[in-house]
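Reading through the C-alpha cells given below for one structure.
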Protein chains: 2
Amino acid sequence: MTSVQRDGSGATALDEPAETGKRLSSDERRRQILVAALAVFGTRGYEGATTDEVARAAGVSQPYVVRLFGSKENLFLATIEDALTRLLAAFRAALAAEEDDGLTAAKRIGQAYVDLIEVRGLHQTLAHAYLLGSNPVIGAAARRGFAAVWRFFREEMGIDADEARAFMAEGMLISTMIGLRIVDDYGSDPQITELFRSCFPSELPHVLDVLPRGDERW
Amino acid sequence: MTSVQRDGSGATALDEPAETGKRLSSDERRRQILVAALAVFGTRGYEGATTDEVARAAGVSQPYVVRLFGSKENLFLATIEDALTRLLAAFRAALAAEEDDGLTAAKRIGQAYVDLIEVRGLHQTLAHAYLLGSNPVIGAAARRGFAAVWRFFREEMGIDADEARAFMAEGMLISTMIGLRIVDDYGSDPQITELFRSCFPSELPHVLDVLPRGDERW
DNA sequence: GTCTATAGTCGGATAGAC
DNA sequence: GTCTATCCGACTATAGAC
C-alpha cells in the first residue's frame, strides 16, 4: 500500500520499451505476485505451496518470484502481512461507516469479514499462518497479527474481552468452513447444509456464489 | 479403541523372541506410530511433516512407517480418523458422565475438549486437516469428520443449530490459539495475556502447564 | 517385523544472459 | 526487470536382506 513509484523510467541505464505489457515496475509485480501467493497459499498452505505455482499464477518465472522476495518464507511473511493490512483496513472502514442502514458496528464488521471471502485465499492463508505457531519466524509474525486483530476489537472497536472472544471465535469458524470447502457438500448432505446455513444466515446466496468449489484444481 | 488383538503369537512361522522390547506386533507399532504422527502433523501440518520425522519420533525407520501405512497420505488419513474417534469418545463420555459435580452437559463437553490438549497434536492436526478442503482425498475425509462432530452436537447432545454453531466456534478458536502457540507470549504481552485468559477462564493453570512452549523444536 | 541402501522426484535457490 | 538453465538438498517410496 502507498506504493513507492520509484523507477518506470529513471536512473536505469537501459532504454527498454516500458509499455510492452510485459515489463512492469517491480512494485506492481510485487503486488501481482502477492495476489497470486494469497490464492496459492490459501489452498495449499505454506509448505504445500510451491514458488513455481505462485509464479505461474502470477504469470512470471519461478526464479523471479524468489528474486523479488528473497525466499519462500519471506514471500509468505509478506503475504500474511498484506492480508492482515487488508483485513484491518476493512474492519476500520466498517467501523467508521455511516449507520444509514441501521446496522450496528458489530454487524457491519462481521459483514466485512464475510465479504473478504472475495479476496481469494485471504481467510485460508491467515488460518494456515495461525497454525504455524511452532515455526520460530512465521509463528512470531502470526502471533503479532493475531494480537493486532484482538487489539482492534478491544481498543478501536471498544468491546469487552468476552465479546471480542466471541467475535474471534465466529471468525475462526467461518475461516475453517471456507478452508474445509464445506460448500462442496452443500445441498447433498442435509447436516452440512444446516451447518452452513447457520454460519451465513443472511448472506448465504452471495457466499455460495463467491466461494470456490470442488471442481477447482488442488 | 477396541483393539483387535490379532497375532502377538499365532500363525507366524517365525520363532522370534517377542519380548526384546524391539519387535512388536504390527498393531502395537501402528498405534505407536499414530501417536508420533499426531504430534508431528500437529506442529508441521500435513505437507510440512516428513515421514522420517514421524519415524524417529516413533523409534522406527522411515521406510517402515511407509510400509505399515502404505503412504504418507494414508498415514495422515489414519491419524485424523484416530483423532476424531478419540474426540467423539471423549465427548460421549462427558455427555454420559454423572452430574455429581453439578456441571451442565455443555460445560462437561467443553471441558473435555480443553482436556484433549493433553493428547499431543490432536487439536492442531484436526485444524490442519480442516484447512485442506481443496485436497480431493484429505478434504473429503476432513469434511466427513467435521460433519460427524456437528452431528454429535445436534443429534446426540440434542442442542439446536445456533448453540451447536457457537460450540464449534469456541472450539475452533481454542484450536487456533493452541496452534498459534499463543502461550509463548503469555505473560510478556498484556494483550495476549488477556486474550488467553478469556479463552480458558477456569482451567488456566492446568492449560499453561500442559501446553507445549516455544522452546520446543520446530 | 524391521532395517539399510537407494532410486527417483520435486522444489528452492543461484548464476548469468538479455 | 525478467528469463533459462541448473545445482543440490530433501523427501517419499521401493528393493531386498535379516
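Convention: sequence-line order gives letters A, B, ...; per-chain numbering from 1. Predicted, not measured: the structure shown is a model, and the values here were computed from it.
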key: Interatomic distance where CZ belongs to R56(B) and P belongs to dT12(D) [whole Å]   = 11 Å
request  = Take the protein atom CD of E47(B) and the nucleotide atom P of dC11(D), then report the distance between them rounded to whole Å.
outcome  = 12 Å
task = Respond yes when some side-chain nitrogen or oxygen of T51(A) is under 4.0 Å from OP1 or OP2 of dG12(C), and no when none is.
result = yes
key: Distance below 4.0 Å between R67(A) side-chain N/O and dG1(D) OP1 or OP2   = no
Check: A164(A) main-chain N/O paired with R154(A) side-chain donor or acceptor under 3.5 Å = no
query = Counting side-chain heavy atoms from C-beta on, which of dG12(C), dT2(C), dT2(D) comes nearest to R29(B)?
reply = dT2(C)
request  = Give me the one residue out of F153(B), W150(B), F152(B) that meets ring-ring contact (aromatic ring centres under 6.0 Å, His included) with F167(B).
outcome  = F153(B)
note = F41(B) atom CZ is separated from dT12(D) atom C1', nearest whole Å, by 12 Å
inquiry  = Using heavy-atom distances to pick each residue's nearest nucleotide on DNA chain C, tell me which of Y64(B) and V66(A) is more 5'.
reply    = Y64(B)
message = Tell me the interatomic distance from D52(B), atom CG, to dT6(C), atom P, rounded to whole angstroms.
response = 17 Å
inquiry  = What's the closest nucleotide to the side chain of L24(B) if the choices are dT2(C), dA13(D), dA13(C)?
reply    = dT2(C)
query = Between dT2(D) atom C1' and R30(A) atom CZ, what is the distance in whole Å?
reply = 15 Å
request  = Kindly point out which of dA15(C), dG12(C), dG1(D) is positioned nearest to the side chain of P63(A)?
outcome  = dA15(C)
query = Does dT2(D) have OP1 or OP2 sitting under 4.0 Å from an N or O in the side chain of S61(A)?
reply = no
key: Whole-Å gap separating C1' (dA10(D)) and CZ (R44(B))   = 12 Å
note = E73(A) atom CD is separated from dA13(C) atom C1', nearest whole Å, by 14 Å
task = With R29(A) as the cation and Y64(A) as the aromatic partner, state whether NZ or CZ is under 6.0 Å from the six-membered ring centre and within 45° of the axis.
result = no
ask   = Between V60(A) and A49(B), which is nearer to the 5' end of DNA chain D once each is assigned its nearest nucleotide?
value = V60(A)
message = I need the T43(B) OG1 to R181(B) CZ distance, nearest 0.5 Å.
response = 7.0 Å
ask   = With a cut-off of under 6.0 Å to the ring centre and 45° to the axis, is K72(B) in cation-pi contact with F41(B)?
value = no
request  = Could you tell me the separation between the CD atom of Q62(A) and the P atom of dT4(D), rounded to a whole number of Å?
outcome  = 11 Å
